[in-house]
Each structure stands twice: as structure tokens, then as C-alpha cells.
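Before any comments, here is the structure.
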Amino acid sequence: MDSLPSEAEQHERIRTTVFQSPDEAVRLVAASLARLIRRRQDESRTAVLGLATGSTPVKLYRELIRLHRDERLSFRNVVTFNLDEYYGLPPHHPESYRHFMEVQLFSHIDVPLDNVHVPDGLIPRSEVFAYCQEYERKMLAAGGIDVQILGIGRTGHIGFNEPGSGIDSRTRMVALDRLTRRDAARDFRGEANVPAYAITMGVGTILRAKELVLLAWGESKAAILREAIEGPQTDTVPASFLQRHASCRCYVDEAAASELTRFRFPWKVGPVEWTPELIRKAVVSLASDLKKPVLRLRDEDYAENGLAALLVETGSAYSLNIRIFNELQHTITGWPGGKPNADDSNRPVPANPAQKRVLVFGPEPLDAELGMAGTLHRLRRHQHEVTFAYLTSGNLGVPDNEARMAISLLNELSVDRPADTQGKDRLDQLSDELEKKAPFDEDSPMLRQFKGLIRKAEARASCQVLGLDLEKVLFQDLPFYEKGRYRQFKSTDEDVTAIRELCRRIRPDQIYITGSGAEPGSVSGISYRLVTSALEECGAEPWMKACQVWLYASSERPWSPHEINMAVPLSPAELAVKLDCLFHHRSQRSQTPFLGTQSGESWQQAENNNRATAQRYDRLGLAEYEAIESFRRQKESEARTGL
Ligand code: F6R
């Protein structure tokens, strides 16, 4: 039996369970699906599962495959219906959802092929309506869906029910939202290639399932998840209609749950233990809500906004304000490598050693530049020994057109070097492949390598803008990435070993990495876990005792000042250097440049976030800067080093 919601969960209109990691969550969900399937086997009945695609359910499918392989769970009595399919894609297309399901699940289990249903993306337009009705009829004929697995898109969609989808909507053809297409752009190598339409079960169809399971991982889902779970039911957030279902459960990781009231404002939903972090969070959010600088908050402000308990514990607003103001003030430093010969008792970074060995990890080219180009520039100017290690080549993100351009350039060059027949042969092979290639065919290893070279050239050019020593700009080309593709990456010990050996060689005083809150199957999510494992393996080594590990922000979500442990201000000139550096990653610019200003290109987002952070500090009553790059201490490293 379900327990009742706790006091902390009182704002949540969908029962939500938060897990430390998606692995724990999917084990639980898979076990309950297995119980259903086995129960039905005992009754000689079928179990009808509604399935989703995308990154979210990948781990769940891996666990189901494991249960099939190791615990002899048979799927012979299972009937499946998928939520959706891109319109216009044939089933064997690498990005079709049918293909996804084959690769991620169907081909690994014993579900009879006749039992699986994925909407057909090639139905002629005039027959779509009848086809969709038939899809619904088949679901009913199968006895209705027992459990529907769902992910949530950043638009709040479930299936492809974009904002505007009504609660009674049925299986139908829909146009995809701009944000959804942008999110799919990586898979399709450019937004322009993402299909504009899809066939999807409707919200009403989904709500008819007997049980719903909504999964969400990573901080990029946090904001929309809060709206779906705590907000009003509205067709602008179609997932909010899940609140109507009596048996809907939501399973999320901590990053995706971070915007729920119980984590955002825990003091609003029950008694709390006032830790220093929570106090800082409460004061910063009070000042932000009231649009007042911290030092001008009054006793009444606290009392009238649910924070009387905080005053009881900490005394008057006066002393509390000063304390938090000082804490915020001490996060600001123009010396990210430490200020030599200065009292460092209130600085985020120790003064010694004056010249530090700094190791910066970029999951893919551009990630670290977006998060900390200004700081990299600063570290270099302050004479620190900066090693910048790109963990993956990022070759999957290079559109064919960029490769064509580079080939044309090299061909021109080889006119002057007729002796280089080998090089010329390779260029011819690459041109040939590009010419023959259907838009979504996978690249050969040679083409992937070539595209990797393009990204490396861009990366080197951008590092030069920052004044980095190119000898210390390293390309790790981790095997998990080179051997995989999006949603199908599988890391191994080889990846960890490469990182561990690099760390051992450099023995850094500071490490910078990102991805702690990223979707776990993404390149930065995987990279973060690999670095963490490598550091654990180095745990006992002497250099680790004083090595600070800093997390830099992704461009997805600016951090609030209460979350920041080090804020590095950028002057207007430094911000210009940062943008110059970002622009050198030209293959990553939107392929639809005229829409650039609205399209939220990553560097615009990074610039906006850096400016927004500066404004937030300013509004809290601290100094007014042009922009700020923000960093958090990694908890494990803080516990280890005390720094
Ligand atoms: C996929 C589907 C979509 C996804 C959603 C999240 O069948 O119906 O609603 O669940 O777009 O996608 P990911 O999991 O890739 O973040």
C-alpha cells in the first residue's frame, strides 16, 4: 500500500519519489514490471506495456534486458505500444523510434515481433487519421495499457504532446515544438534535419492507461518537472494533466527534483535543520523575492515571509544579514588560482602554492569554454600551469557540411603537393562517402576521425585566444565516445584509466569539471562520473590531499548566488575575449543563423547566464560587475581536503 504524502510533499500533485541515482530508480520500476509480467504469465494473460523512447528510459531498458538475461524474465506474454514516432522516417532510419526500440530493447529480449507496436512514420498523409484510430483500437483490443512509461520534454510534453495539447487529445499527427526540435538537433546533426511532424498518442490516450510511470533525470528537467508536479493543470504544460491520474508515480533523481518546493524552499513545507547552506539559501531567496539587498532586510521581512524560525535560531536580522553578506562577498575573487602573499582565510582558493598546476576537463570541446573561458584566461595570465584536457573529440556534433568545407580546403592545398597521393586518396574517399551518404547514415570511422580533427582545430584556435599553451591542450579521445553514439555510450575501465593516469602525471592542485547535475547518459554526465571514479582511485595519493575540485556551470542553468562557492568576475573586455573564444567553435553554431537570436545558442546562453549572475550579486547589494563565472566545490573533494 502507498504511504501517505509527507508534510514536505504537500505541494506535489503527483506522487514523487526521489533517488540518489537513476540506477536505483530503474531497478525499482523494472522489478515492478517484472512482477506484473510474471503474474500475468501465471494467469496465462498478456501484460500490455506503453513504452517511450529518448534518453530517459535507456537505463530502464538495460535493466529489463538484464532481468531477461540473468533472471530469465520472459517477455513472450508482453504486448507493447510505443508513444510516438517521427513522421516521414522509415523504420530502419537510425533516428526512427522503431529503430531505437529495436536497438535498445526488442532485439535483446524474447518479445514476439507481432506483439510490438510503434506508430508507422510513413503512413500517407491522407490515411493518418484512420491509422491513428486503428492504433487506439488495437490498444483497446489488447485490453488497454497496464503500465505506461513516460519521459518529459523541456516543453512539458509527454509523448509528443506539445504545449496546446488538450486533455482529451487522442493519437494523431502533431507539429513539433521549436525547443523539442532543438533538443533533437544533436541526434539529427542539425536542427534543420529534425522532422517537423510526428505521430503521437494523445494526452487522453495516455491517461487511459491503468498505471503511469514518469521518469526524469538531470537538472535540465528540474524546472519543467516542478511545473508538471506542482503547477496548475494546463495545456501549456501537458505533463501537468498527469495530476488527474489516480495511479501516476514519478521517479526522479536529485538533480531533476531540485526545483520542487521541498528542496527549493524546505522551510516552507515543514521544520528544517538550519545548516549554514540552508540559512544562506533562505536569506538569498528572501532578498531576491523582496528585491532588496541583503543588508536591508528587516526583522519583519523575515517574520512576514515564513522565516521567523530562522530569526529565533540566529538572533536578529542585523547580524544574520551581515553574516550572509560577508559569506557572499567572500565567494568573489579575481584570483581563481589563489592570491599570492595574501591572507587567504576568507578566500575560496588557498594562496599556496603561488603557482598552481591546474587541470581542466572539458567533456566535449566547447563545454569548458562556455563555463569558464574567462577564468581559464585569468588562470593563464596569473602564470598558473594550465593543462586543458578535452575528454572526447565531439566528432558526432559536426555537420557534414563542415566536413565538405574542410575537404575542399585541403584539396586546394594538395594541388600544390602532387606527391601526397596518400592524403589525396583519403580526401577522395571522404568526399565519396559524403556524396553517397543518405542524410542520416552513420559516419565511417574515417569520417568520424576527420570530423574530430575539425573540432580539434577549432578547439586549438579557441585556446589560443585564451593564451593557453597548446602543448598543454590535450585530446583524450576517450573510447566510450569514439566507439559509441548518443544514447548508446558505454564507458569502461579503459576510460577511467586514461583519466586516472593523466591526473597522476599532472598531480594537479586544482581540477575543474562539469556535469554533476547533467542527464546521466549525456556526454557531460558520463564524463563527470568517469572523472569522479578516477579521482576515487587516486584517493590515497599525497597530491590529492590538497587538490581542490571545482565544478563549473553548464550553460543550461545559471546557479543562484547561494549555490556558488567561487564567483569570478569578468570585465567587459574579458567577456569579449570569452565570446571571441566561443566563436572559434564554428561547427557548433546554429545551422539556422537567422534564427540565432531567438534560438538560444549555447554561447548566447552562456553570456546571458554570466551577465545574469552578475546582476543577481548586484541586486543582493554586492559589487556590480559586467559578468560572473560561477563555480561550486565538489562535495567529495571538500570532505577530503577540507578546502
Ligand atoms: C519519447 C517521448 C518524449 C520523451 C521526452 C524526453 O517517446 O515520448 O516525450 O520522453 O522528449 O526525452 P529525453 O528522454 O530524450 O530527455
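Since the model is a prediction, treat every value here as computed from it, not as a measurement. Counting starts at 1 for both ligands and their atoms, following the listed order.
Counting heavy atoms under 4.0 Å from ligand 1, residue Lys221 touches it through the side chain alone. Contacts with ligand 1 closer than 4.0 Å are made by side-chain heavy atoms of Asp84 only, the backbone lying farther away. The part of Ile152 lying near ligand 1 is the backbone, judged by heavy-atom distances below 4.0 Å. By the criterion of a heavy-atom distance under 4.0 Å, the side chain of Arg487, and not its backbone, is placed next to ligand 1. For Leu83, every heavy-atom contact with ligand 1 shorter than 4.0 Å involves the side chain, none the backbone.
Residue Gly151 has at least one heavy-atom neighbour below 4.0 Å for each of these atoms of ligand 1: 10 (O). Near Ser55, with a cut-off below 4.0 Å to any heavy atom, the atoms of ligand 1 are 13 (P), 14 (O), 15 (O). For ligand 1, the atoms closer than 4.0 angstrom to any heavy atom of Ala52 are 7 (O). Of all atoms in ligand 1, listed by their number and element, those nearer than 4.0 Å to a heavy atom of Thr56 are 13 (P), 14 (O), 16 (O). Of all atoms in ligand 1, numbered sequentially from 1 with element shown, those under 4.0 Å from a heavy atom of Gly54 are 14 (O), 15 (O). Within the listing of ligand 1, atoms 3 (C), 5 (C), 9 (O), 11 (O) sit less than 4.0 angstrom from a heavy atom of His157.
Residues Ser393 and Arg455 have side chains that never bring a donor and an acceptor to within less than 3.5 angstrom of each other. Neither side chain, Ser107 nor Glu102, offers a donor N or O lying under 3.5 Å from an acceptor on the other.
The heavy-atom pair separating Leu478 from Ala498 by the smallest distance is CD2-CB, 3.8 Å. Residue Leu212 comes nearest to Ile206 through the heavy atom pair CD2-O, 3.3 Å, listed as atom of the first residue, atom of the second, then distance.
Gln20 CD: 12 or fewer foreign heavy atoms inside a 6.0 Å radius.
Thr53 OG1, 3.1 Å is the protein heavy atom nearest to atom 1 (C) of ligand 1.
The distance between the ring centers of Phe81 and Tyr135 falls below 6.0 angstrom. Ring centroid separation for the pair Tyr552 and Tyr512 does not come in under the 6.0 Å cut-off. Taking the six-membered ring for Trp and the full ring otherwise, the centers of Tyr197 and Tyr86 sit at least 6.0 Å from each other.
Between Tyr251 and Phe19, the ring-plane angle classifies as tilted under the 30° and 60° cut-offs.
Relative to atom 3 (C) of ligand 1, the option among Ser522, Gly159, Ala216, Pro238 with the closest non-hydrogen atom is Gly159.
The pair Glu24-Arg27 does not meet the salt-bridge criterion, since no charged nitrogen lies less than 4.0 angstrom from a carboxylate oxygen.
Not a single N or O atom of Tyr97, backbone or side chain, sits closer than 3.5 Å to an N or O atom of ligand 1.
Every heavy atom of Arg154 sits 4.0 Å or more from the atoms of ligand 1.
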